[in-house]
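By convention in this document, chain letters (A, B, ...) are assigned in the order of the sequence lines, proteins followed by strands, and residues within each chain are numbered from 1.
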Protein chains: 2
Amino acid sequence: MTARTPADGSPHGVASVDGVAGRSSGREIPEATVARLPIYLRALTSLGERGIGTCSSEDLAAATGVNSAKLRKDLSYLGSYGTRGVGYDVDYLRYQIAREIGVTHDWPVVIVGIGNLGHALANYSGFRSRGFRVVALLDAAPERHREAVAGLEVRPFDDLEEIVAAETVAIGVIATPAVAAQDVTDRMVASGISSILNFAPTVLSVPDGVDVRKVDLSIELQILAYHEQRKAVPDIDDNPEQEVIA
Amino acid sequence: MTARTPADGSPHGVASVDGVAGRSSGREIPEATVARLPIYLRALTSLGERGIGTCSSEDLAAATGVNSAKLRKDLSYLGSYGTRGVGYDVDYLRYQIAREIGVTHDWPVVIVGIGNLGHALANYSGFRSRGFRVVALLDAAPERHREAVAGLEVRPFDDLEEIVAAETVAIGVIATPAVAAQDVTDRMVASGISSILNFAPTVLSVPDGVDVRKVDLSIELQILAYHEQRKAVPDIDDNPEQEVIA
DNA sequence: CTCGTTTTGTTCTTCTGTTCACAAACTCCT
DNA sequence: AGGAGTTTGTGAACAGAAGAACAAAACGAG
C-alpha cells in the first residue's frame, strides 16, 4: 500500500508516456483489454471476499482463465499498480479497475420490454452489486402496467423521456421483441441515452456517439453447434453435394 | 453455381491449400468468421421472408452492419456461392450457411437452473426456430419440480444422465447461481455433453474437447459503462494525480 | 550490504483479423 | 456478338491481439 506514492511513476523516470505529457489517462486501452477488465474485477472481488490480500499475476490468471502475460499487459495499460517480487494488492487493484471502468458509483439503467427476459433482467441481482441500478421498467403493453417486478412498478413506455431526464439515465436495456427494438432505440437515443444493451435479435442503427452491445442467445448456441458438428465428424465433410452442380 | 465442382479450387490452379490436398472441408474457418455466420443467417432468413430472392454483398452488409469486403471474405471461406455481377441467391446461401453451422437439423438442448433466467430461456421461441430444441428443464430444488414451464415439466437434476443418453444431447445451458455452476458442469461433461452455454457469472473449468461459451450480463453493461464514462469526460481524467510524481 | 529469488512491466515476435483494391466472371443492352 | 456496367472472390497491405522471453525492481536471508 505504501507503494502507492510512485503512482503511475513509470519506473525508468519517464513521467510522460507517448509524449502525451500530462494526460495520465492518455493511454488508449485496447478494446480486447476493456472486455477483460470486468472479468478481473469480478475475480478480485471474489479473492477479496475470501480474505486474500495479495495476489500474483499467475493467481489472477488462474482465477480468470487468462494467460498471465496477457493479464499483466492488460493491467499495465491502467498503470503500474503491482509490486515486483510481490504481486498486486487485491483491494487496491480492484479499486483501480473499478475506477477505470467507471463503476465506482452506480449507473442508473432503464429496462424496456418486461416479458420473460425483462423479468429475469429486472430480478438479476448482479446488476446492483456490479455498478448498476435499475431505475425503471417500461413496457408498451397496458396490461403489464402496475404489475410490480422486483419491487418496481412497470410503467408505460411513454414515460421514458421523463424518467431519463429525471434520473440522468445514460444506459438502456432493450428486451422487447425484435420488431419493436428499432423504435425503442430511436426513442432512447432521442431522450438522451447513449449506451444500449440489446437483447432483441435485430441489428440496430444508431447515430455516431451511441454505443450498442448485443447479446444474442441463439447466436451463441449456433457458434457452439458449429464446433460441435466439427467434433462429431472430425474429418469427413457432411456435405454430400457432388450432385448439386449441373 | 456450376463453380461447385472445383470445390476449393483456388483460381490460380492451386488445388491444395496448405498442402492439405483433398479435404474439401479442410478450409479452416476463422473464429471471427464463425461468430458472424449466424448473423448472416438471420439476415438471409429475414430477406427470404420478405420475398427477396437475390442480394448483393452490399445489401447483406447493410442488413447486418458488417463491411461488405469482410462479408465477402467470410463467405469465401465456405466456398464460392455467389455469382459475379449478380450477387447471392438468398435461399441457396442461407442453406449453405445453415449447413456449415450445422443447424439444418435441430440440436437437442437441456437447460439446468429454472430460476428467472431459466424461465426466460425455456420460453424463448428463438431457439426453436434457429436450430435448437429444448428437451428438458432441470433444477435441483424439489419445489420447482412438476411445475410446467413452456410446456415442459421441470425435472430433478439427477435425471440429467438419463436424459442426455436418451436424447443424445450434446449441448447444455447453465442458468444456475454461480456457486452451483461448476458442479453442474462436471455432471454435464461426465454425462457426455461437450458444449456448454454458461450464464452463471463464474469461470468454468472443463477438460479438453469441451467448449464453453459464456454470456455475462453485467460484463456487457460494464463495457458500456467504460465507454460511457469516456464520453462524459472526453479529455480530463477523473484521477487527479499530477502531484504524485515527486 | 550483498546475493538469490520472485514477480512485474515491457519489448519483440508471431498470429489473427480487417481493409483495400482489382482481375475475373457474369448480365444486359445495343 | 461485343462492349459497358456490376459484383464477386482474393491477393496484398495493414492493424490489432496474443504469447514468449527477459531486464528491472522489490523482497528476504545470511
Query raised in the report: According to a strict under-4.0 Å criterion, is A/R72 in side-chain N/O contact with OP1 or OP2 of C/dT11?
Result: no

Rounded to whole Å, CD of B/E28 lies from C1' of C/dG17 at a distance of 15 Å

Taken to the nearest whole Å, CG/A/D74 to C1'/D/dG16 is 13 Å

Out of C/dT8, D/dA20, C/dT18, minimum distance to the side chain of B/A32 belongs to C/dT18

When rounded to whole Å, the CG to C1' distance for the pair A/L75 and C/dT10 reads 13 Å

Mind checking if B/E31 touches a base, just sugar-phosphate, or nothing, with heavy atoms under 4.0 Å? sugar-phosphate

Note: for A/V86 and A/A69 on DNA chain C, the residue whose nearest nucleotide lies more 5' is A/V86

Checking D/dG19, C/dT18, C/dT19 against the side chain of A/N67 (C-beta onward), the nearest is D/dG19

(Q) Could you check whether any side-chain heavy atom of A/L217 comes within less than 4.5 Å of a side-chain heavy atom of B/L197, counting everything from C-beta outward? (A) no

* State, yes or no, whether a side-chain contact exists between A/L37 and A/L78 at a heavy-atom distance under 4.5 Å. => yes

Between B/Y88 and D/dG9, does any side-chain N or O lie under 4.0 Å from OP1 or OP2?
yes

Here the distance between atom C1' of C/dT11 and atom NZ of A/K70, to the nearest Å, is 18 Å

The nucleotide from C/dC20, D/dT7, C/dG9 with an atom nearest the side chain of A/R84 is C/dG9

When rounded to whole Å, the OH to C1' distance for the pair A/Y40 and C/dT8 reads 15 Å

Separation of C/dT18 atom P from B/L71 atom CG, nearest Å, is 12 Å

Exercise. So, is A/S57 close to the C/dT8 phosphate, meaning a side-chain N or O under 4.0 Å from OP1 or OP2?
Worked result: yes

Considering only heavy side-chain atoms of B/S76, the closest of D/dT10, D/dA17, D/dG19 is D/dT10

* Contact check, side chains of A/D106 and A/R128, non-hydrogen atoms, under 4.5 Å -> yes

- Taking the six-membered ring for Trp, are B/Y124 and B/F127 parallel (under 30°), tilted (30 to 60°) or perpendicular (over 60°)? perpendicular

In whole angstroms, the gap separating P of C/dA25 from OH of B/Y81 amounts to 19 Å

**A/S80 vs C/dG9: side-chain N/O to OP1/OP2 distance below 4.0 Å** = yes

Margin query: If you go through the side-chain atoms of B/K73, does one of them form a donor-acceptor pair with the base of C/dT19 closer than 3.5 Å?
Written below: yes

The side-chain hydrogen bond (donor to acceptor under 3.5 Å, both in side chains) partner of A/S57 among A/K73, A/R72, A/K70 is A/R72

